[in-house]
Amino acid sequence: MNAAKQKRHTLRFERNAVCALCAAVFLIFAGAAVAGWLAAPFPVGAVLTGVAAFVLLFAAVLSVSWIRYAARFYAAAADANFPCAALGDNLSVVFYALPPEKAEAYLREKRAVPALPDRFTREEWLKRSDTLNEIKKRLLGDAPLLSYSALCPKDLAAISGKSVFLSRTAYHTHRAVFDYTAMNAKNKFVFYGEENSI
């Protein structure tokens, strides 16, 4: 993944865009319902009112979901109850409510599990899945974790006061992200399974 393919928009921008889009869609349907009542109160107005109510409910659920999704990330990024985070090769993030030593042990063992071949059987998939679940249960227990798919570098800059685990591949692929954001100054970077931080 090169810099050109990095996600450009932050979670905050996406949240605002989704909320604005939901509001615009609802206003369009609400306007159609009002026009329906003025032109032909029944049944057109009644039907369009029902549609507008459904759109309002759907838009509210979608907007609230995005608001909560973004809020959880920014809260976890600065929360001392999540003392460590792991960055994926695609700038995904997982926050762990665990001591850094336990999180590193989990990441090291998980990374040691061989990947599935290009063609694999159901039994091979089940065996690998069971192995990963056993590692997770043994090392993480019931500790909460929050995971987020590929993020914008500006979102990563919100992470503060954590041990951040990442692979050498991720570090070198996205070195500009780490060199030109505040992540380096606000966190301790550690390669998976290695003693020394970056």
Side-chain angles (χ1 to χ4, degrees), residues 1-82 84-98 116 122 125-126 129 132-133 136 140 142-162 164 166 170 173-174 176-177 180-183 186-187:
M1 180 176 176
N2 55 39
K5 294 182 180 178
Q6 287 175 2
K7 188 175 176 184
R8 292 188 302 168
H9 299 305
T10 65
L11 286 175
R12 186 173 283 112
F13 175 90
E14 290 176 346
R15 176 204 64 194
N16 293 342
V18 168
C19 290
L21 179 62
C22 287
V25 170
F26 168 69
L27 289 175
I28 290 170
F29 279 92
V34 170
W37 279 106
L38 293 176
F42 190 84
V44 176
V47 171
L48 289 175
T49 299
V51 172
F54 174 79
V55 170
L56 174 61
L57 179 62
F58 179 81
V61 170
L62 184 59
S63 296
V64 170
S65 296
W66 266 95
I67 289 169
R68 293 180 64 186
Y69 181 75
R72 280 198 305 267
F73 171 80
Y74 291 115
D79 191 349
N81 292 319
F82 290 93
C84 48
L87 289 183
D89 292 346
N90 64 342
L91 295 186
S92 60
V93 179
V94 181
F95 296 104
Y96 295 93
L98 288 168
L116 289 170
R122 182 174 181 274
W125 179 83
L126 286 172
S129 179
L132 291 173
N133 287 335
K136 183 176 180 180
L140 297 187
D142 295 328
L145 56 87
L146 294 174
S147 60
Y148 290 83
S149 57
L151 293 173
C152 173
K154 289 182 180 178
D155 284 326
L156 296 181
I159 299 174
S160 177
K162 303 188 187 305
V164 178
L166 69 164
T173 301
H174 306 288
V177 172
Y180 295 105
T181 68
M183 284 195 75
K186 298 191 294 185
N187 301 281

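What you see is a predicted model, and the numbers here were worked out from it, not measured in a lab.
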ask   = Strictly by modelled atom types, are Tyr148 and Asp155 linked by a side-chain donor-acceptor pair under 3.5 Å?
value = no
inquiry  = So Asp79 and Tyr74, do their side chains get closer than 4.5 Å, heavy atoms only?
reply    = no
query = In Å and rounded to the nearest 0.5 Å, what is the CH2 to CG distance from Trp66 to Leu11?
reply = 6.5 Å
query = When rounded to the nearest 0.5 angstrom, what is the spacing between CZ in Arg122 and OG in Ser129?
reply = 10.5 Å
query = Can you check whether Arg8's main-chain N or O pairs, donor with acceptor, with Lys154's side chain at less than 3.5 Å?
reply = no
message = Taking the six-membered ring for Trp, are Phe26 and Phe58 closer than 6.0 Å centroid to centroid?
response = no
Heavy-atom side-chain proximity of Phe29 to Leu56 below 4.5 angstrom = no
key: Shortest non-hydrogen contact from Ala77 toward Lys162   = O-CE, 3.1 Å
query = In Å, rounded to the nearest 0.5 Å, how long is the span from CG of Asn16 to CG of Leu21?
reply = 12.5 Å
ask   = Would you find a donor on one side and an acceptor on the other, under 3.5 Å apart, between the side chain of Ser63 and the backbone of Ala59?
value = yes
Heavy-atom pair of closest approach, residues Gly36 and Val44 = CA-CG1, 4.1 Å
ask   = What do the steps show when you test Leu98 against Phe82 for side-chain contact (heavy atoms from CB on, under 4.5 Å), and what is the final call?
value = CA-CA 7 Å; Leu98 288 168; Phe82 290 93; over 6 Å; no
query = For Ser147 and Val94, which heavy atoms make the closest approach, and how far apart are they?
reply = CB-CG2, 3.8 Å
query = More than 12 heavy atoms of other residues, nucleotides or ligands under 6.0 Å from NZ of Lys136: is that the case?
reply = no
key: Leu166 and its side-chain contact (heavy atoms from CB on, under 4.5 Å) partner, picked from Leu91, Val93, Asp89, Leu87   = Leu87
message = Is the terminal nitrogen or CZ of Arg15 (NZ for Lys, CZ for Arg) located under 6.0 angstrom from the six-membered ring centre of Tyr69 and within 45° of that ring's axis?
response = no
request  = Taking the side chain as every heavy atom from C-beta outward, state whether Leu145 and Phe95 have any atom pair closer than 4.5 Å.
outcome  = no
message = Quick check against the 3.5 Å criterion: does Trp37 have a side-chain atom that pairs as donor or acceptor with the backbone of Gly45?
response = yes
task = Quick one: closest heavy-atom pair of Glu14 and His9, and the distance?
result = OE2-O, 3.9 Å
key: Heavy-atom donor-acceptor pair, Asn187 side chain to Ile159 backbone, under 3.5 Å   = yes
request  = Indicate yes or no: at least one non-hydrogen side-chain atom of Cys19 is less than 4.5 angstrom from one of Ile67.
outcome  = yes
